[in-house]
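Please read the structure below before turning to the comments.
Just so we're on the same page: letters track the sequence lines, and every chain starts at 1.
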Amino acid sequence: MSEQTNLLTRQQIAARAAQDMEDGWLVNLGIGMPTMIPAFIPSGCDVMFHSENGLIGMGPPPAEGEADQDLISAGKELVTMVSGGAYVHHTDSFAIARGGRLDCAVLGAFQVAANGDLCNWRLPNQTSGSVGGAMDIAAGSKRVFVMMTHTARDGAAKIVAERTYPLTAMKVVTKIFTDMAVISVTPNGFVLDEVAPGLTADDVQAVTDAPLNMDAVGTIDVAA
Amino acid sequence: MSEQTNLLTRQQIAARAAQDMEDGWLVNLGIGMPTMIPAFIPSGCDVMFHSENGLIGMGPPPAEGEADQDLISAGKELVTMVSGGAYVHHTDSFAIARGGRLDCAVLGAFQVAANGDLCNWRLPNQTSGSVGGAMDIAAGSKRVFVMMTHTARDGAAKIVAERTYPLTAMKVVTKIFTDMAVISVTPNGFVLDEVAPGLTADDVQAVTDAPLNMDAVGTIDVAA
Amino acid sequence: MQNKKSDTLEGAVSQIHDGATILIGGFADPGTPEILIDGLRDLARRDLTIVINNPGMRDSGVARLIEDGCVSKLICSFQWPRESETFMALHDAGQIGLEIVPQGTLAERMRTAGAGLGGFLTPTAVGTALADGKQTVTVDGTEYLLETPLRGDFALIKAFRADPRGNLIYRRTARNFNPIMAMAADFTIAEVQEDVPIDALDPEEIVTPGVFVDRYHVTGWYEIGKPRNAGSAGH
Amino acid sequence: MQNKKSDTLEGAVSQIHDGATILIGGFADPGTPEILIDGLRDLARRDLTIVINNPGMRDSGVARLIEDGCVSKLICSFQWPRESETFMALHDAGQIGLEIVPQGTLAERMRTAGAGLGGFLTPTAVGTALADGKQTVTVDGTEYLLETPLRGDFALIKAFRADPRGNLIYRRTARNFNPIMAMAADFTIAEVQEDVPIDALDPEEIVTPGVFVDRYHVTGWYEIGKPRNAGSAGH
């Protein structure tokens with residue numbers, strides 16, 4: 001494996017994921033790294049962000065002195081609303097999520113399996129986990145992107161042939177953005193689309209517990 | 001049976017039914033005779049009327065020149081809204097109806113059976129009928145009052161031991177207001193509460209195809 | 001920002017194809033998108049399934065659609081208006097299908113589709129002729145019918161105002177089925193009396209968020225039931 | 001007209017009894033009726049089942065309710081906040097029950113209760129640990145879980161403004177679960193920042209019609225998470 005310094009930063013992963021956000025999309029962002037994506041959406045690309053707590057058109061954090069304690073994100077951070085947004089109650093918010101109106105959800109994960117199984121709500125050794133809206137959003141979104149470090153802190157693979165962690169939703173993940181690679185989930189398993197500059201396809205395969213199709217591997221554009 | 005002239009008028013039936021509307025109730029009125037009830041609610045008795053088409057707080061017909069083509073009743077007549085009313089969409093309107101928030105629905109009927117079965121959407125000889133919201137409202141209302149002529153135009157009984165007409169809702173009718181009588185539907189069958197002035201209990205029993213309990217029969221107050 | 005506004009009536013409805021299932025808003029006249037129905041008639045599509053609560057109102061274009069032979073099936077709660085001789089004749093001749101659905105169930109089936117659910121259990125119609133062929137499920141001793149989602153390829157709805165994102169508000173009892181149908185179709189087309197600039201609608205007041213609206217066409221106010229001369233409909 | 005306004009906090013909540021199931025609104029802090037929760041704590045009821053999305057927020061009275069030993073069961077989607085040591089200790093000791101429900105399912109189960117339905121089919125959680133013991137139903141080749149209604153004896157909700165009929169509007173993301181819980185309880189108690197005269201709320205803007213509200217108590221604005229000295233709660 002190449003030098004640690006070849007791993008992408010969290011900002012770089014967010015910037016790369018932002019490149020896949022399409023004009024006109026409605027997108028739900030999970031807690032943590034995914035919330036860094038909006039800063040990297042180019043102006044002119046109109047992406048609306050949905051927050052499970054009934055906010056359509058989530059905007060950036062408020063300017064100094066303009067915070068409203070009644071306007072927060074699903075991650076419980078103070079946010080703003082963009083022009084043309086709307087508030088809905090919780091069942092309408094989840095009707096949007098479950099009903100296929102989310103063009104994309106970007107979520108964190110503990111494990112992603114080759115069939116698209118997503119595991120992100122509970123560790124195997126915990127008696128319980130906080131599920132929140134993850135299962136609904138993952139089950140209902142048109143596309144589920146995962147954004148995460150390629151491996152766990154202890155070096156264990158998070159991209160695996162078959163899941164061993166508790167399931168969040170079956171066969172839903174369509175693309176994975178990590179600090180090492182961009183990987184698509186296809187009916188034939190994982191396809192390695194891009195690697196971080198300075199890394200090789202073999203570097204990525206070495207820390208991935210499932211075969212990667214490497215027929216056409218590009219390099220992640222970190223200049224953007 | 002007594003003279004035809006001893007039958008109550010439609011207004012008198014409505015006035016009698018209005019006496020059973022309680023302060024604070026939310027009430028749904030079926031098409032036809034039930035819509036005459038509001039005029040007989042005494043001032044000081046606060047009854048709100050729900051119309052299935054999303055109107056909470058239905059008021060009387062508009063004054064000359066004040067009609068709004070977007071404000072109609074379930075019977076498709078121009079109406080008004082009272083103070084403190086609200087508009088809801090159709091699923092919320094039926095959530096109110098089905099969810100037990102209607103204290104009472106007053107509906108017309110072709111037949112009412114001794115177990116409270118309501119038949120009011122289709123005649124037996126028709127291939128089809130217009131069901132509208134009758135089944136939902138009848139199934140969900142806390143109380144279902146029926147307001148109708150005591151017998152059909154051909155003299156056939158409409159209050160019967162067992163229904164022979166197509167069912168609208170099972171075991172829902174709690175009280176019946178006719179041009180001859182007020183009858184409660186109880187676990188032990190029909191109880192004749194009141195008869196129209198000039199009629200006897202036997203007059204009513206003679207045109208009713210189910211036994212009436214006549215232990216305590218009063219006279220309908222038509223002075224109100 | 002995507003431009004959801006269609007300047008022409010034809011442009012608003014042109015994607016509707018033969019065989020489509022179309023949800024059409026309104027309870028009686030209020031909220032019925034008569035201009036869009038005019039546009040649909042002009043397309044002369046065939047084999048349409050129309051979902052509408054009151055299909056046969058005398059002055060409604062839906063009665064004309066049926067007369068034109070565009071409709072192969074109706075799904076509704078009030079199907080038997082006195083004026084609807086054409087429908088009755090076609091139905092008696094077996095040329096048009098009919099599915100009668102209790103009004104609350106009709107609304108809930110569309111909401112269920114919009115909410116991504118697979119069905120719901122309702123006490124409505126248990127034991128009636130409209131329960132024939134439907135699965136019953138008993139929960140806590142109460143018997144319910146299992147009702148399934150009702151989804152449209154298209155929804156034609158009517159609203160009061162739209163902003164450029166397609167956020168909608170309604171007027172009075174013209175709201176009725178429209179917000180639900182907007183949720184329940186793959187492609188939702190709204191006719192609106194007026195359009196307003198972005199931010200002109202208070203986000204607290206919006207009834208239908210623009211995420212449920214794919215296109216809108218501004219019609220101005222018109223009197224229901226009066227002859228119209230709108231867009232390409234020209235009658 | 002019925003007077004739904006309660007001038008005292010005690011009067012607003014006093015009907016709540018031991019063993020009650022109580023729906024409590026809010027997603028994190030916004031929309032959480034902290035003053036009503038203060039009032040509930042003062043009652044010192046026992047054996048309560050509490051339904052709330054985020055039960056253990058550090059500054060919330062729900063954490064205090066749990067510490068006070070009032071709660072025998074929690075139903076929620078986020079049950080494991082870092083701050084909730086008391087809950088964890090009670091749970092590990094088997095002294096408090098826990099039902100984890102995916103957030104969308106939690107909302108929908110309450111709506112189902114409010115809408116008088118017997119259940120619904122959802123794709124959420126199929127194949128997961130949260131499907132254990134639940135019936136699955138296949139519709140059109142897709143597998144769904146059958147989820148049942150979740151009803152409260154009481155709902156404690158928070159709104160922005162109320163009129164004398166109990167019609168409510170909300171503020172921003174403080175709306176969240178509150179309108180749904182209002183529908184889903186036998187007796188709904190709202191705390192509101194302000195009350196306004198009849199007709200001061202536009203009937204088109206009302207989010208929760210007063211038919212779903214049994215009582216309201218006016219609290220004024222307060223800063224979330226700051227010590228309060230409201231009504232009889234006095235802390």
Side-chain angles (χ1 to χ4, degrees), chain C residues 30-31 102-105 107-126 134-151 159-161 168-176 178-180 183 193 201-209, chain D residues 30-31 102-105 107-126 134-151 159-161 168-176 178-180 183 193 201-209:
Chain C
Q103 195 172 160
T105 298
E108 194 69 21
R109 285 181 63 192
M110 290 187 277
R111 181 193 176 273
T112 295
L117 300 172
F120 63 96
L121 303 180
T122 183
T124 299
V126 168
K134 290 186 178 167
Q135 190 181 337
T136 61
V137 178
T138 298
V139 178
D140 287 340
T142 303
E143 193 179 357
Y144 298 96
L145 294 186
L146 173 60
E147 295 279 359
T148 52
L150 177 56
R151 191 165 187 88
F160 178 37
R161 290 193 173 124
L168 302 180
I169 62 171
Y170 301 88
R171 277 197 84 246
R172 304 192 163 196
T173 58
R175 184 182 303 199
N176 56 62
N178 287 298
I180 305 309
M183 293 174 68
Q193 183 174 324
L201 299 180
D202 179 347
E204 303 279 10
E205 286 178 53
I206 289 166
V207 175
T208 296
Chain D
Q103 193 171 161
T105 297
E108 194 70 22
R109 285 181 62 192
M110 289 187 278
R111 182 194 175 272
T112 295
L117 301 171
F120 63 96
L121 304 181
T122 182
T124 299
V126 168
K134 291 187 177 167
Q135 190 181 338
T136 61
V137 179
T138 298
V139 178
D140 287 341
T142 303
E143 193 180 357
Y144 297 96
L145 294 188
L146 173 60
E147 294 280 359
T148 51
L150 178 56
R151 190 163 188 90
F160 178 37
R161 288 192 174 123
L168 302 179
I169 62 171
Y170 301 87
R171 278 198 82 245
R172 306 194 164 194
T173 58
R175 184 181 303 200
N176 58 63
N178 288 299
I180 305 310
M183 295 173 67
Q193 183 175 325
L201 298 180
D202 179 346
E204 304 278 9
E205 286 178 53
I206 290 165
V207 174
T208 296

- Message: Less than 4.5 Å to any heavy atom of chain C: does that hold for the side chain of D:Arg172, its backbone, both, or neither?
- Response: both

- Query: For chain D, which residues of residues 138-148 of chain C have at least one non-hydrogen atom nearer than 4.5 Å to it?
  - Reply: C:Val139, C:Tyr144, C:Leu146, C:Thr148

- Item | Among D:Gln135, D:Arg111, D:Glu205, residue most engaged with chain C (heavy-atom pairs, under 4.5 Å) | D:Arg111

- Which atom pair, heavy atoms only, marks the closest approach of C:Gly116 to D:Pro123? O-CD, 3.3 Å

- Among C:Arg171, C:Arg175, C:Arg161, find the residue that satisfies the salt bridge (Lys or Arg N to Asp or Glu O under 4.0 Å) test when tested with D:Glu204. C:Arg175

- Most heavy-atom pairs under 4.5 angstrom with chain D, which of C:Leu121, C:Thr122, C:Asp202, C:Ile206? C:Leu121

- Check whether any side-chain heavy atom of D:Leu117 sits under 4.5 Å from a side-chain heavy atom of C:Glu108, and report yes or no. yes

